[in-house]
Colleague: 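Mind looking over this structure? Questions follow.
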Protein chains: 2
Amino acid sequence: MADTPIEANSPMLLVLDRVANKWAVLAVSAVCNQPKRFNQLRRELGGISQKMLSQTLKRLERDGIVDRKVIATVPVTVEYSITPLGKTLALTVDQLRIWSEQNIEQILAAQARFDAAAEV
Amino acid sequence: MADTPIEANSPMLLVLDRVANKWAVLAVSAVCNQPKRFNQLRRELGGISQKMLSQTLKRLERDGIVDRKVIATVPVTVEYSITPLGKTLALTVDQLRIWSEQNIEQILAAQARFDAAAEV
DNA sequence: CAGGATCCTTTAAGATACTG
DNA sequence: CAGTATCTTAAAGGATCCTG
């Protein structure tokens, strides 16, 4: 890790602001292996509202993480896919997923200890 | 990345909820190399309010990411340091920092393209 | 020095209804 | 089907004052 403290508007924070939220991670992950349609994603991402999904996808598209392709069927179909840039991000985020899975027990144990110590 | 979509309460999301916010990342990063005191951290993390810092540190402590040590001086001193668990997390988060730095240009370029296309 | 408690403002998020 | 617009509610965040 870096010796220098992270500044308030570093690339890291800019990326975190976009990527480090539940729905963005879910969406990237869902789209990562094959293109998906809007409502298909909605169903796949459990409780997401269409507003949130719409927002999330638009942000990801703007950042060049996912690609949006309108197919002129009737009614219209829209396909979301991962970009090359998005793919590398997904790989990186996946590292965090692996860390999470490997350490979730330790975290939960720490929480339990903390809470036990707290309630006297 | 995983083929299976990330479920709504996976370890990943639990970790993201804690770790993937500006202040937590800043705090972990600030404490990563040597222990720091409360107000020392406050100064180092630019604009953080003491409420936010307090909240952030408490959460990180609860999760076993940082360690809190009260030193009985007068007035009292409190020292925050990284735990072994926190250290491995910092390493992982650092990967994301590296990705961010390497790809920030591409992201900004994508945003510029998107915005240019949007305003007609 | 290191915080807790309170109040108040701003932002995020969900529900609902409507459109090309 | 794939969204946008609007309204309302929930949560995050900041400012201020206070204490061991």
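Here is how names work: the chains are called A, B, and so on, in the same order as the sequence lines, proteins then strands, and each is numbered from 1.
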Colleague: Could you tell me the separation between the NZ atom of B:Lys58 and the C1' atom of C:dA5, rounded to a whole number of Å?
Modeller: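 My rounded result for the distance is 11 Å.
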Colleague: Give the nucleotide from the list D:dG13, C:dC1, D:dC7 with an atom nearest to the side chain of B:Lys51.
Modeller: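 Side chain of B:Lys51 sits closest to D:dG13.
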Colleague: Please report, rounded to the nearest Å, how far the P atom of C:dA13 is from the CG atom of A:Leu26.
Modeller: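 After rounding, the gap between these two atoms is 12 Å.
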Colleague: Hey, does the side chain of B:Thr73 come within less than 4.0 Å of C:dC1's phosphate (OP1/OP2), counting only N and O?
Modeller: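 So the side chain of B:Thr73 is outside the cut-off, no N or O lying under 4.0 Å from OP1 or OP2 of C:dC1.
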Colleague: I'd like to know if B:Glu79 pairs up with B:Lys36 as an ion pair, taking the criterion as any Lys NZ or Arg NE/NH1/NH2 lying under 4.0 Å from an Asp or Glu carboxylate oxygen.
Modeller: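 Not counted as a salt bridge, because no side-chain N and carboxylate O are separated by less than 4.0 Å.
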Colleague: Nearest of D:dG14, C:dA5, D:dA2 to any side-chain atom of B:Gln50?
Modeller: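 Looking only at heavy atoms from C-beta outward on B:Gln50, the closest nucleotide is C:dA5.
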Colleague: Looking only at the side chain of A:Val76 (C-beta and beyond, no hydrogens), which of the listed nucleotides C:dG4, D:dG14, D:dA2 gets closest?
Modeller: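 Ranking C:dG4, D:dG14, D:dA2 by closest atom to the A:Val76 side chain puts D:dA2 first.
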Colleague: Provide, to the nearest angstrom, the distance between the CD1 atom belonging to B:Ile48 and the C1' atom belonging to D:dA15.
Modeller: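 It is 15 Å, rounded to the nearest whole Å.
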Colleague: Please tell me if A:Tyr80 has a side-chain N or O lying less than 4.0 Å from either OP1 or OP2 of D:dC1.
Modeller: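 It does not, given that no N or O in the side chain of A:Tyr80 lies less than 4.0 Å from OP1 or OP2 of D:dC1.
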Colleague: Quick one: is C:dA2 close enough that its OP1 or OP2 comes under 4.0 Å of any side-chain N or O from B:Arg42?
Modeller: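 No, outside the criterion.
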Colleague: Can you figure out which of C:dG3, D:dG3, C:dA13 approaches the side chain of A:Met52 most closely?
Modeller: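 From the listed options, C:dA13 comes nearest.
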Colleague: What's the CG-P distance between A:Leu53 and D:dG3, to the nearest Å?
Modeller: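 These atoms are roughly 8 Å apart.
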Colleague: Go through C:dG14, C:dC1, C:dG3 for me and flag the one nearest to the B:Asn39 side chain.
Modeller: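 Per side-chain heavy atoms of B:Asn39, the pick is C:dC1.
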Colleague: Grab the CG-P distance between A:Leu45 and C:dG14 for me, whole Å please.
Modeller: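 In whole Å, C:dG14 P lies 12 Å from A:Leu45 CG.
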Colleague: Whole angstrom is fine here: how far is it from CD1 in B:Ile71 over to P in C:dA2?
Modeller: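 From B:Ile71 CD1 to C:dA2 P: 9 Å.
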Colleague: Does B:Arg37 have a side-chain nitrogen or oxygen under 4.0 Å from the phosphate oxygens OP1 or OP2 of C:dA2?
Modeller: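 Yes, such a contact exists.
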Colleague: In whole Å, I'd like the distance from the CG atom of A:Leu57 to the P atom of D:dA2.
Modeller: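 It works out to 11 Å between those atoms.
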Colleague: Can you check the A:Trp23 CH2 to C:dG14 P distance for me, whole Å?
Modeller: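 In whole Å, C:dG14 P and A:Trp23 CH2 are 7 Å from each other.
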Colleague: Could you see if A:Trp23 belongs to whatever hydrophobic cluster contains A:Ile82? Use Ile, Leu, Val, Met, Phe, Trp, Tyr and a side-chain cutoff under 4.5 Å.
Modeller: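 Both belong to a single hydrophobic cluster.
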Colleague: Under 4.5 Å between side-chain heavy atoms, hopping through other hydrophobics if needed: is there a path connecting B:Leu57 to B:Leu85?
Modeller: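 Per the 4.5 Å side-chain linkage, B:Leu57 and B:Leu85 are co-clustered.
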Colleague: Indicate, with yes or no, if A:Val28 and A:Val78 share a hydrophobic cluster defined by side-chain heavy-atom contacts under 4.5 Å among Ile, Leu, Val, Met, Phe, Trp and Tyr.
Modeller: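 Per the 4.5 Å side-chain linkage, A:Val78 and A:Val28 are co-clustered.
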Colleague: Using the closest heavy atom to pick a nucleotide of DNA chain C for each, name whichever of A:Pro75 or A:Ser49 lands nearer the 5' end.
Modeller: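 Whichever sits nearer the 5' end wins; that is A:Ser49.
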Colleague: Please confirm whether any donor atom in the side chain of A:Gln55 sits under 3.5 Å from an acceptor in the base of D:dG3, or the reverse.
Modeller: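 No, no donor-acceptor pair under 3.5 Å.
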